[in-house]
*Asks:* 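Got a structure here, written out as structure tokens. Questions coming.
Not measured: the values here are computed from a predicted model.
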Amino acid sequence: MAIGLSHGGSNVYSSAEESRQLWIGTKDGLILIERADNGEWRVAHQALRGLHVSSIVFEPTSGVIFAGAFFGSVHASGDGGKTWERRDTGLAVHDVYSLACAAADGKTRIYAGTEPAHLFYSEDLGLHWTELSALRAVPSTPEWSFPAPPHVAHTKFITFDPHEPATIYACIEQGALLKSTDSGESWTELNTVGFLRDKNRPAEHFYDVHRALIDPRDPRKIFVTGGAGLYVTFDSGKRWERWTSPDWAPDVYPDGFVWNPNNPDVMFVAAAEHNPTTWRKAGLRAHAGGKIYRSNDGGKNWRRVGGGLPESLKHEFGALCLEQWGDSYSVFAATTGGDVFYGAGGERWTLIASGLAPISKKGHERLLAAS
């Protein structure tokens, strides 16, 4: 089995056994690395060169692999990644930020989130797409924006209720956390009491929603990372609490966020020391200080993990994923500097690939480019 490591695609996998293939979404297409019997990894294949791949998902029934690209639409492979074709009929916006896959009511849907912030779906493996236009009918839509030019919000991440795949969550950066209980035909905003409206926070971080995780034991409990930190709700979004760690700066920038599906109290978050506004002001001295933190108690307490990760990292971790198999799991993390790390049990880390094109959200790799 293969898994994917990308900024805006699937990020938690459950497998029968540990995968030996990892697809990586980079600024210069897809890279497939494979693990040999001696544990070493090597580059086995490259595809979609010239495209900045934002997201990777696998459709489990057909085995089709999908890759979304910033300004590059959606591409699909039905032969394990050997060949690819563009599939975007009806996809009216081609700047693709996120992809997701879910089966509901006997149908498998592929979802694509874009910039400007729209959401599309396909029920025929990407051959035809339909927009879920109600996403843009919520009251906050006119306020959606983004600090960097052209100041347009995007659908950064898409996820689902673990027990009700017709219940979708869409993370709008910046603007809203949206929830639909009818496969996207209607939406409600979960931006209510306490959530990103702390008047002591900079205004540009209001509703800066990165990723959401829904607790499989209690779907009323939702975690969100964003430009204002880590938030949690216990009542489906009526009220939110901001959770933090003693060594996090007030403007800590958590993004990548995964947990072990066998034990969701075990969580990992990738965070930069400060938000990208700081990087931008620093110019050639920009330093993200990317770090990975672990919680064993459902996000109440966090500690930085090392065990092979750099002590001081100029770059940001632009992608994070976790694979669980049996009673074991591993975590993969990739940087805007083109390095990929493998963490056995999330503790013992090894550099398994380097010198790749940046693994990054669009624009972040430019802010952190070497002087």
*Asks:* What's the spacing between Leu230 CG and His210 NE2 if we round to 0.5 Å?
*Replies:*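 Leu230 atom CG to His210 atom NE2 measures 12.0 Å (nearest 0.5 Å).
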
*Asks:* Above 12 or not: heavy atoms from other molecules or residues under 6.0 Å from CD of Glu85?
*Replies:* yes

*Asks:* Please determine whether a side-chain nitrogen of the Lys or Arg among Glu311 and Arg304 lies less than 4.0 Å from a carboxylate oxygen of the Asp or Glu.
*Replies:* yes

*Asks:* Indicate if Ile158 and Val57 have the same hydrophobic cluster label, given that clusters are the connected sets of ILVMFWY residues with side-chain heavy-atom separations under 4.5 angstrom.
*Replies:*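 No; tracing contacts between hydrophobic side chains, which count when under 4.5 Å, never links both residues.
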
*Asks:* Establish whether Val266 and Trp259 are linked, either directly or via other cluster members, by ILVMFWY side-chain heavy-atom contacts under 4.5 Å.
*Replies:* no

*Asks:* Would you call Lys362-Asp95 a salt bridge at under 4.0 Å N-O?
*Replies:* yes

*Asks:* Just do the side chain to side chain donor-acceptor pair (under 3.5 Å) check on His7 and Lys156 with the steps written out, would you?
*Replies:* CA-CA 9 Å; His7 182 77; Lys156 181 178 172 73; 2.7 Å; yes

*Asks:* In terms of the angle between their ring planes, are Trp279 and His364 parallel, tilted or perpendicular, with boundaries placed at 30° and 60°?
*Replies:* perpendicular

*Asks:* Indicate, with yes or no, if Val43 and Leu48 share a hydrophobic cluster defined by side-chain heavy-atom contacts under 4.5 Å among Ile, Leu, Val, Met, Phe, Trp and Tyr.
*Replies:* yes

*Asks:* Quick test of your reading of the model: are Glu34 and Arg20 salt-bridged, counting only N-O distances below 4.0 Å?
*Replies:*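 Here Glu34 does not pair with Arg20 in a salt bridge, since their nearest N and O are not under 4.0 Å apart.
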
*Asks:* Which of parallel (below 30°), tilted (30 to 60°) and perpendicular (above 60°) describes Tyr342 and Phe332?
*Replies:* tilted

*Asks:* Report whether Val53 and Ile3 are members of the same hydrophobic cluster (ILVMFWY, side-chain heavy atoms less than 4.5 Å apart, transitive linking).
*Replies:* yes

*Asks:* Using the side-chain contact (heavy atoms from CB on, under 4.5 Å) rule, pick out the option among Leu22, Leu99, Ile65, Leu5 that qualifies with Ile56.
*Replies:* Ile65

*Asks:* In terms of side-chain geometry, is the basic nitrogen of Arg49 or Asp28 positioned less than 4.0 Å from the acidic oxygen of its partner?
*Replies:* yes

*Asks:* Yes or no on side chain to side chain donor-acceptor pair (under 3.5 Å) for Asp88 and Ser73, after CA distance, side-chain angles and deciding distance?
*Replies:* CA-CA 7 Å; Asp88 60 2; Ser73 200; 2.7 Å; yes

*Asks:* Show me the side-chain donor-acceptor pairs of residues 131-138 shorter than 3.5 Å, one per line, residues at least two apart or across chains.
*Replies:*
unit_1 : atom_1 : unit_2 : atom_2 : d
Glu131 : OE2    : His118 : ND1    : 2.5
Arg136 : NH1    : Ala117 : O      : 2.6

*Asks:* Applying the side-chain contact (heavy atoms from CB on, under 4.5 Å) criterion to Phe341, which one of Ile352, Leu320, Thr335 satisfies it?
*Replies:*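 With Phe341 as partner, Ile352, Leu320, Thr335 yield a single side-chain contact (heavy atoms from CB on, under 4.5 Å), made by Thr335.
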
*Asks:* Could you work out, with side chain to side chain donor-acceptor pair (under 3.5 Å) as the rule, every residue matching Asp79, not counting sequence neighbours?
*Replies:*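 Expected list: Ser77, Thr83.
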
*Asks:* Should we count CZ of Arg280 as having more than 12 external heavy atoms under 6.0 Å?
*Replies:*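 Result for CZ/Arg280: enclosed.
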
*Asks:* Can we call the ring centroids of Trp248 and Tyr293 under 6.0 Å apart?
*Replies:* yes

*Asks:* Applying side chain to side chain donor-acceptor pair (under 3.5 Å) to Glu323 and Ser19, what does each step give before you reach the verdict?
*Replies:* CA-CA 8 Å; Glu323 181 185 31; Ser19 298; 2.5 Å; yes

*Asks:* Start with the C-alpha distance between Glu18 and Arg35, add both sets of side-chain angles, then the distance that settles salt bridge (Lys or Arg N to Asp or Glu O under 4.0 Å), and finish with yes or no.
*Replies:* CA-CA 10 Å; Glu18 188 174 18; Arg35 186 180 58 215; 3.2 Å; yes

*Asks:* When you check the side-chain N and O atoms of Asp124 and Ser122, is any donor under 3.5 Å from an acceptor?
*Replies:*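 Per modelled atom types, Asp124 and Ser122 side chains form a pair under 3.5 Å.
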
*Asks:* Nearest 0.5 Å, what's the CH2-CD1 distance between Trp129 and Ile110?
*Replies:*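 Here the interatomic distance stands at 6.5 Å.
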
*Asks:* With ring pair (Phe, Tyr, Trp, His ring centres under 6.0 Å) as the rule and sequence neighbours excluded, what pairs involving residues 152-190 come up?
*Replies:*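 Residue pairs with at least one partner in residues 152-190: Tyr97-His154, Tyr111-Phe160, Phe146-His154.
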
*Asks:* Identify whether the distance between the nearest side-chain nitrogen and carboxylate oxygen of Arg303 and Glu347 falls below 4.0 Å.
*Replies:* yes

*Asks:* Flag yes if Ile24 and Trp41 sit in one hydrophobic cluster, no otherwise; membership is Ile, Leu, Val, Met, Phe, Trp, Tyr, and two members link when side-chain heavy atoms are under 4.5 Å apart.
*Replies:* yes

*Asks:* State whether Tyr121 and Arg109 meet the cation-pi test: NZ (Lys) or CZ (Arg) under 6.0 Å from the six-membered ring centroid, and within 45° of the perpendicular axis.
*Replies:* yes

